[in-house]
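Worksheet: the structure to be examined is printed underneath.
Below, chain A is the first sequence line, B the second, and so on; all start at residue 1. All of these numbers come straight from a predicted model, not from anything done at the bench. Note: hydrogens, waters and symmetry copies are ignored here, and every other heavy atom, side chains too, is used.
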2 protein chains.
Amino acid sequence: MKKQPQLNNNQICQTRLNAIRDAMEILSGKWKLNILGTIIVGGKMRFMDLQREIHGIGSKMLAKELQDMEVNQLLTRTVLDTKPVTVEYEISEYGKALAPMIDEMVKWGIGYRDLLSRKSTTKGQFS
Amino acid sequence: MKKQPQLNNNQICQTRLNAIRDAMEILSGKWKLNILGTIIVGGKMRFMDLQREIHGIGSKMLAKELQDMEVNQLLTRTVLDTKPVTVEYEISEYGKALAPMIDEMVKWGIGYRDLLSRKSTTKGQFS
DNA sequence: TCACTTACTTTCCAATAGGAAACCAGTTTC
DNA sequence: GAAACTGGTTTCCTATTGGAAAGTAAGTGA
């Protein structure tokens with residue numbers, strides 16, 4: 001008799017795995033968390049503002065990631081009737097709800113950097 | 001005078017962005033969080049156990065992701081001197097520290113599913 | 001008319017991710 | 001001796017990601 005999976009083979013684990021898969025898909029790619037974080041901090045922001053804030057992003061990727069996140073309702077897009085037309089992006093309720101996750105991510109990332117720098121200072125650097 | 005970036009142009013934001021980038025790099029790919037979650041729940045696990053638990057993963061990806069995470073010190077690898085040699089993978093201190101982030105991710109993912117199902121049941125589906 | 005702004009879109013390309021299948025080496029069981 | 005278990009590695013292939021650069025459309029100012 002072959003061994004069968006046991007751990008992940010129950011409803012609670014499957015629900016958790018689905019939730020993780022959803023979150024990873026919706027936040028996938030190099031830029032989404034960066035864009036989202038910038039909008040969370042900055043409030044309403046226009047396309048060119050975002051491109052200026054987010055170092056290194058091209059207009060193609062910015063437009064694409066914004067569209068993805070609008071479809072997934074993480075943010076809203078409003079076209080303003082200005083002289084050259086401007087577009088405002090704002091965080092939605094469900095986008096805001098990502099803040100605790102992002103904060104935990106930041107906490108872990110910072111802790112991990114600390115670990116690495118402490119290990120590498122074993123050989124007597126100052127500080 | 002052109003507009004200059006302001007929001008992300010300070011030390012606190014840069015530190016946060018670096019932390020997010022670190023976390024995303026270390027956890028990148030389709031399988032790492034799944035593998036990690038399985039080891040967190042299951043404790044010490046062997047290669048074939050993991051392959052049985054994680055539905056759909058091939059030996060190539062499992063081996064590669066385990067190596068990545070061992071290098072990044074999220075888990076430990078121990079070769080046991082058994083009849084056919086067996087290898088145990090176990091979560092490390094820094095891997096364990098990911099649990100709060102994973103939990104926040106799960107919370108958000110579940111809340112997001114709720115949102116979608118509530119919106120889609122507007123047209124009267126049963127349950 | 002020319003240049004510059006807005007917000008994108010399109011095209012073309014290179015690099016990476018990831019899967020299927022075969023293979024490998026050592027040990028045990030039938 | 002053949003088959004099956006262990007924990008992988010190797011090869012080959014396709015699909016996705018993401019970047020650079022140019023183009024588009026509409027409006028403003030000199």
- Task: Return the value, rounded to whole Å, for the distance between atom CD of B:Gln51 and atom C1' of D:dA4.
- Result: 15 Å

- Query: Would you say a side-chain N or O of B:Arg52 is under 4.0 Å from OP1 or OP2 of D:dT6?
  - Reply: yes

- C:dA7 P sits how many Å from A:Met45 CE, rounded? 11 Å

- Message: Using the rule that Ile, Leu, Val, Met, Phe, Trp and Tyr join whenever any side-chain heavy atoms are under 4.5 Å apart, tell me whether A:Leu17 and B:Leu62 fall into a single cluster.
- Response: no

- Rounded distance in Å - CG (B:Asn34) to P (C:dG18): 13 Å

- Given that A:Lys60 and A:Pro84 both sit by DNA chain C, which one's nearest nucleotide is further toward the 5' end? A:Pro84

- Item | Position toward the 5' end of DNA chain D (nearest nucleotide), B:Leu66 or A:Val85 | B:Leu66

- Does B:Tyr89 reach the side chain of B:Ile35, with side-chain heavy atoms less than 4.5 Å apart? no

- Query: Does A:Trp108 reach the main-chain N or O of B:Pro100 with its side chain, forming a donor-acceptor pair under 3.5 Å?
  - Reply: no

- Message: Any base atoms under 4.0 Å from A:Gly56, or only sugar-phosphate, or nothing? Heavy atoms, all strands.
- Response: nothing

- Message: Less than 4.5 Å apart, side chain to side chain, heavy atoms only: is that true for B:Leu50 and B:Leu66?
- Response: yes

- Query: If you check the A:Phe47 side chain, which of C:dG18, C:dA7, D:dG7 turns out closest?
  - Reply: C:dA7

- Task: Could you tell me whether the side chain of A:Asn72 and the main chain of A:Leu74 form a donor-acceptor pair under 3.5 Å?
- Result: no

- Report the nucleotide, chosen from D:dG19, C:dG18, C:dC8, that has the shortest atom-to-atom distance to any side-chain atom of B:Met61. C:dG18

- Query: So which nucleotide from C:dT6, D:dT9, D:dG7 ends up closest to the side chain of B:Ser59?
  - Reply: D:dT9

- Message: Just the rounded figure in Å: distance from P of D:dG7 to CD of B:Glu70.
- Response: 14 Å

- Nearest whole angstrom, please: distance from the P of C:dA17 to the CH2 of B:Trp31. 16 Å

- Item | Test: A:Lys107 and A:Glu104 ion pair at under 4.0 Å | yes

- Item | NZ/NE/NH1/NH2 to OD/OE distance under 4.0 Å, B:Asp49 and B:Lys44 | no

- For DNA chain D, determine which residues of residues 72-83 of chain A have any heavy atom closer than 4.0 angstrom to one of its atoms, and list them numerically. A:Lys83

- Here the distance between atom C1' of C:dA20 and atom CG of B:Leu62, to the nearest Å, is 16 Å

- Task: Could you tell me whether B:Thr86 contacts a base, only the sugar-phosphate backbone, or nothing, with contacts defined as non-hydrogen atoms closer than 4.0 Å?
- Result: sugar-phosphate

- Task: State, yes or no, whether a side-chain contact exists between B:Leu36 and B:Leu27 at a heavy-atom distance under 4.5 Å.
- Result: yes

- Task: Indicate yes or no for a side-chain donor-acceptor contact from B:Lys32 to the backbone of B:Ser28 under 3.5 Å, with no hydrogens or angles considered.
- Result: yes

- Nearest-nucleotide pick for A:Gln67, side chain only, options being C:dT9, D:dT6, D:dG8: C:dT9

- Taking CD from B:Glu53 and P from D:dG7, how many angstroms apart are they, rounded to a whole number? 14 Å

- Message: Between the opening five pairs and the closing five pairs of the helix from C:dT1-D:dA30 to C:dC30-D:dG1, how far apart are the helix axes, to 10°?
- Response: 20°

- Rounded to whole Å, CD of B:Glu25 lies from C1' of C:dT16 at a distance of 13 Å

- Look at the side chain of A:Ser92 and the backbone N and O of A:Thr76, then say whether any donor-acceptor pair between them is shorter than 3.5 Å. no

- Item | Given D:dG18, C:dG18, D:dG7, the nucleotide with the shortest approach to the side chain of A:Lys30 | D:dG18

